[in-house]
Amino acid sequence: MRIYNTLTSKKEEFLPVSPEKVTMYSCGITAYDYCHIGHARSAIVFDVMRRYIQYKGFAVKYIRNFTDIDDKIINRAKQEGSAWDAVAEKFIQEYYHDMDLLGVGRADVEPKATEHITEMIDIVRGLIAKGYAYEADGSVYFEVGAFREYGKLSKRDLEDMMAGARVEVNEKKKSPMDFALWKASKEGEPAWESPWGPGRPGWHIECSAMSLKHLGETFDIHGGGADLIFPHHENEIAQSEAYTGKPFVKYWVHNGFITVDKEKMSKSLGNFFTIREIMSKFDAEAIRFFLLSTHYRSPIEFSDEQLREAEVSIDRYYTTLLRIDDFLGQDNEKGKASAEEKALEDILGRFRAGFAEAMDDDFNTALAIGGIFELIRVLNKYLDGRPSGKKVADMVTRSRSLLKEAGGVLNIFTRTPAEWYRSLMLVKQIGVTEVDIEVKIGERRQARADKDWARADSIRKDLDEKGIILEDKKDGTTWRVKV
RNA sequence: GGCGACGUACCCAAGUGGCUAAGGGGGAGGUCUGCAAAACCUUUAUGCAGCGGUUCAAAUCCGCUCGUCGCCUCCA
């Protein structure tokens, strides 16, 4: 398995610290607002990495934090006239709501910054003792110049940064690049007792403290959005390595951005879409599929059209699954081979290896999905030959289980076709019920038996206008939701 | 200004030295069907931003040019 490491700027063979157990940490959210689709991408990308590493047979310990104390949370609370911790708690719950629908699993530990104040203070105290940090007016700063390797992740030279520094002037800091480990609290702000007086943690220190506590001094994978490379992750490295004297992380992985009109989606530009906004128009699975249909490091242009195409693709999957289930449900006594038997056997024989090869190459989900649709095409062609018999049933069953296996790793294609259509009916706001549709199908069946094609077609057209497509098959009519 | 990434068909998107340039969507034609739908078939890049170079061999490596974007400030 090869993973692209931001630290070395290349794909590297994945060799975890411990051969059996993989330790990974991803930066979660600051809980001050609803999540947008960029948060979804990050969460889904790392969710898939974790699932795939488990699929490969490793035990995984996965940590994803919540930043529950921060300026933005405090400001939001002020705006709303509520308590800062109530704001954080509310948006953590909203996060779970969105992520559950997107199929993002819970991490093994989901630590909150405020639950690790003691650990953070210990690290800050240690950094001061080792000469990497200094106190000024109740705040503590990390002295960037004292850490020789500063800039190694973001490939920056400290002197260049000073020259072009756009950081605000802070007289208390020795250098403008120094960053806060501990911030003295102002009047009325949340505060914790510390050796430097009442204050609260700086942003970066929490990840160092929580990863150290839950994963140890050196762990395997640390991830987040590419916008966290600098300064957040650079600072984490400085703090952690200065404190422990050990390498902090083996593999740094960063996902690319979502763009709108080619520009990065961001809060400040105001060009962002929240997850729930999108889920009011598209099924959550379509969002997940859309995000996985591009390699995680590439930018993705967000658009309704792309989401719609994702829906069409998923629909193709479930339509095939329905066909498989229909096929396996029918009598398959007499044996009739399909001309495409060899082609299906070939692809079944290499499918699993192909999937692993794609995923082993820096989690190439786009290629892996391509393999899934290749199998679907060959299988459909095979079924077009109307084969029957035990061997055929076995091959079709095997196809289905391989599709489910691959889908399971990506956590897509895990529902039944019926569940998919039901969900589509909700999201497309279809104005007829399943019972209505069955009644219409019954009426049409009679019309067709009477060879009253005009009436049969009018019933079909009527449903089509409501977003329901009828399909006449040998043994009856089925319906689907139009995507 | 410094650092970095990207530019593959009508659209999205894999592929980063050698097998017919994956896969999805769309278009055109066809098979099947009462007609449809689905599915399948054929077709839609002798070509990978442009120009040079390295090599027996380049979308893939190197150089330059053009274009787009990101980070350097909170950001997934």
Side-chain angles (χ1 to χ4, degrees), chain A residues 6 9 11 26-30 35-46 70-72 151 154-157 159-161 163-168 177 203 223-232 234 254-259 261-269 272 289-290 293-295 297-301 303 305-306 308-317 319-320 322-323 340 354 358 361 364-385 448 451-454 456-457 460-461 464 469-474 477-480 482:
Chain A
T6 307
S9 306
K11 283 184 199 170
S26 79
C27 289
I29 54 151
T30 298
C35 289
H36 60 65
I37 187 161
H39 298 105
R41 183 177 198 189
S42 193
I44 289 169
V45 159
F46 294 107
D70 168 271
D71 286 348
K72 292 192 286 286
S154 54
K155 314 290 181 290
R156 270 158 236 269
D157 182 81
E159 292 196 6
D160 291 347
M161 279 192 276
R166 280 197 274 156
V167 283
E168 62 184 284
M177 296 312 298
W203 175 35
D227 44 6
L228 296 183
I229 295 171
F230 189 88
H232 186 52
E234 193 70 61
H254 294 96
N255 62 275
F257 302 124
I258 293 179
T259 59
D261 294 329
K262 298 271 183 185
E263 275 191 330
K264 180 187 168 185
M265 184 181 287
S266 75
K267 284 268 192 183
S268 49
L269 285 167
F272 62 92
F289 181 94
F290 162 67
S293 61
T294 298
H295 185 88
R297 282 188 284 116
S298 304
I300 301 185
E301 172 74 10
S303 73
E305 195 195 338
Q306 294 303 311
R308 189 159 305 276
E309 282 188 16
E311 255 179 7
V312 173
S313 295
I314 295 168
D315 198 61
R316 177 165 160 79
Y317 178 88
T319 301
T320 304
L322 199 59
R323 190 177 183 191
E340 301 298 329
D361 186 12
N364 194 335
T365 53
L367 185 59
I369 288 171
I372 289 174
F373 282 99
E374 197 188 348
L375 173 53
I376 283 176
R377 193 190 65 240
V378 174
L379 176 65
N380 270 315
K381 191 172 177 177
Y382 176 76
L383 290 174
D384 277 354
R448 294 183 74 214
K451 300 229 189 289
D452 183 353
W453 305 125
D457 289 352
R460 185 171 63 197
K461 185 159 180 279
D464 184 85
I469 294 170
L470 297 187
E471 293 187 12
D472 297 327
K473 296 172 183 172
K474 278 276 180 287
T477 299
T478 58
W479 61 273
R480 296 186 304 116
K482 188 159 63 175

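Here the structure is a predicted model, which means the values were calculated and not measured. Labels below follow one simple rule: chain letters A, B, ... track the order of the sequence lines, proteins then strands, and each chain is numbered from 1. Heavy-atom basis, side chains included; hydrogens, waters and symmetry copies ignored.
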Using atom C1' of each nucleotide, how far apart are B:G26 and B:G67 to the nearest Å? 26 Å

Review point. Looking only at atom P, what distance separates B:A57 and B:G1, rounded to whole Å?
Key: 38 Å

Charged N to carboxylate O below 4.0 Å: is that the case for A:E471 and A:R480?
yes

- Query: A:L269 versus A:E263: any side-chain heavy-atom pair under 4.5 Å?
  - Reply: yes

* Quick one: label A:K72 by what it contacts on the DNA or RNA (base, sugar-phosphate, nothing), any heavy atom closer than 4.0 Å. => sugar-phosphate

Notebook entry, point to check: Is there a side-chain contact between A:I229 and A:T6, using heavy atoms and a 4.5 Å cut-off?
Noted result: yes

Considering only heavy side-chain atoms of A:D384, the closest of B:A39, B:C74, B:C3 is B:A39

- Which value, in whole Å, describes the distance between the C1' atoms of nucleotides B:U33 and B:A22? 32 Å

Separation of B:C69 atom C1' from A:D261 atom CG, nearest Å, is 13 Å

OP1 or OP2 of B:C71 sitting under 4.0 Å from any side-chain N/O of A:K264? yes

Side-chain heavy atoms of A:D384 within contact of A:E340, under 4.5 Å:
no

Worksheet entry | Geometric cation-pi criterion A:R316 and A:F373, 6.0 Å radius, 45° cone | no

Could you list the protein-to-nucleotides 33-35 of chain B atom pairs, N/O on both sides, closer than 3.5 Å?
from: B:G34; atom 1: N7; to: A:R448; atom 2: NH2; distance (Å): 3.4
from: B:G34; atom 1: O6; to: A:R444; atom 2: NH2; distance (Å): 3.3
from: B:G34; atom 1: O6; to: A:R448; atom 2: NE; distance (Å): 3.3
from: B:G34; atom 1: N1; to: A:D457; atom 2: OD1; distance (Å): 3.0
from: B:G34; atom 1: N2; to: A:D457; atom 2: OD1; distance (Å): 3.3
from: B:G34; atom 1: N2; to: A:D457; atom 2: OD2; distance (Å): 2.7
from: B:C35; atom 1: O2; to: A:R460; atom 2: NH1; distance (Å): 3.4
from: B:C35; atom 1: O2; to: A:R460; atom 2: NH2; distance (Å): 2.3
from: B:C35; atom 1: N3; to: A:R460; atom 2: NH1; distance (Å): 2.8
from: B:C35; atom 1: N3; to: A:R460; atom 2: NH2; distance (Å): 3.4
from: B:C35; atom 1: N4; to: A:D472; atom 2: OD2; distance (Å): 3.1

Intra- and inter-strand pairing of RNA chain B, written as dot-bracket with Watson-Crick and G-U pairs under 3.5 Å and | for the latter, reads ((((((((.[[[..)..(....]]]((((((.......))))))....[[[[[..)....]]]]])))))))....

By nearest-heavy-atom nucleotide on RNA chain B, the more 5' of A:I258 and A:V378 is A:V378

Using a cut-off of 4.0 Å on non-hydrogen atoms, how would the nucleic acid contact of A:G38 be classed: base, sugar-phosphate, or nothing?
-> base

Atom CZ of A:R41 and atom P of B:C75 are separated, to the nearest Å, by 19 Å

I'd like the P distance from B:U73 over to B:A58, given in whole Å. 44 Å

Between CZ of A:R323 and P of B:C32 the distance, given in whole Å, is 16 Å

Here the gap from A:L379 atom CG to A:I376 atom CD1, rounded to the nearest 0.5 Å, amounts to 8.0 Å

Check: Are more than 12 heavy atoms from other residues, nucleotides or ligands located less than 6.0 Å from atom NZ of A:K461?
Finding: no

Pairwise P distance, B:A21 and B:G27 [rounded to whole Å] = 26 Å

note: A:K262, atom NZ; B:C11, atom C1'; distance rounded to Å ~ 12 Å

Atom CZ of A:R480 and atom C1' of B:A36 are separated, to the nearest Å, by 12 Å

In whole angstroms, the gap separating P of B:A37 from CG of A:L470 amounts to 13 Å

Query raised in the report: Below 4.0 angstrom from OP1 or OP2 of B:A76, is there any side-chain N or O of A:N255?
Result: no

dist A:K482:NZ -> A:E311:CD (nearest 0.5 Å) comes out at 13.0 Å

Note to self: Side chains of A:Q306 and A:I300, heavy atoms from C-beta outward: is any pair under 4.5 Å?
What the structure shows: no

Inset, instruction - Could you label the plane-to-plane angle of the A:H232 and A:W203 rings as parallel, tilted or perpendicular, counting under 30° as parallel and over 60° as perpendicular? - result: parallel

For nucleotides 14-27 of chain B, 5' to 3', base contacts (B), sugar-phosphate-only contacts (S) and non-contacts (-) with protein non-hydrogen atoms under 4.0 Å give SS------BSBS--

Exercise. What interatomic distance, in whole Å, is found between C1' of B:A28 and the corresponding atom of B:C71?
Worked result: 45 Å

Can you tell me how far C1' in B:G7 sits from the matching atom in B:U65, rounded to whole Å?
14 Å

Atom CZ of A:R297 and atom C1' of B:C69 are separated, to the nearest Å, by 16 Å

query: Can you tell if the side chain of A:I258 reaches within under 4.5 Å of the side chain of A:K264, non-hydrogen atoms only?
result: no

Separation of B:U73 atom C1' from A:H232 atom NE2, nearest Å, is 15 Å

Here the gap from A:T477 atom OG1 to A:K473 atom NZ, rounded to the nearest 0.5 Å, amounts to 9.5 Å

Any A:S266 side-chain heavy atom under 4.5 Å of A:F272 side chain: no

| field | Rounded distance in Å between the P positions of B:G63 and B:U20 | value | 30 Å

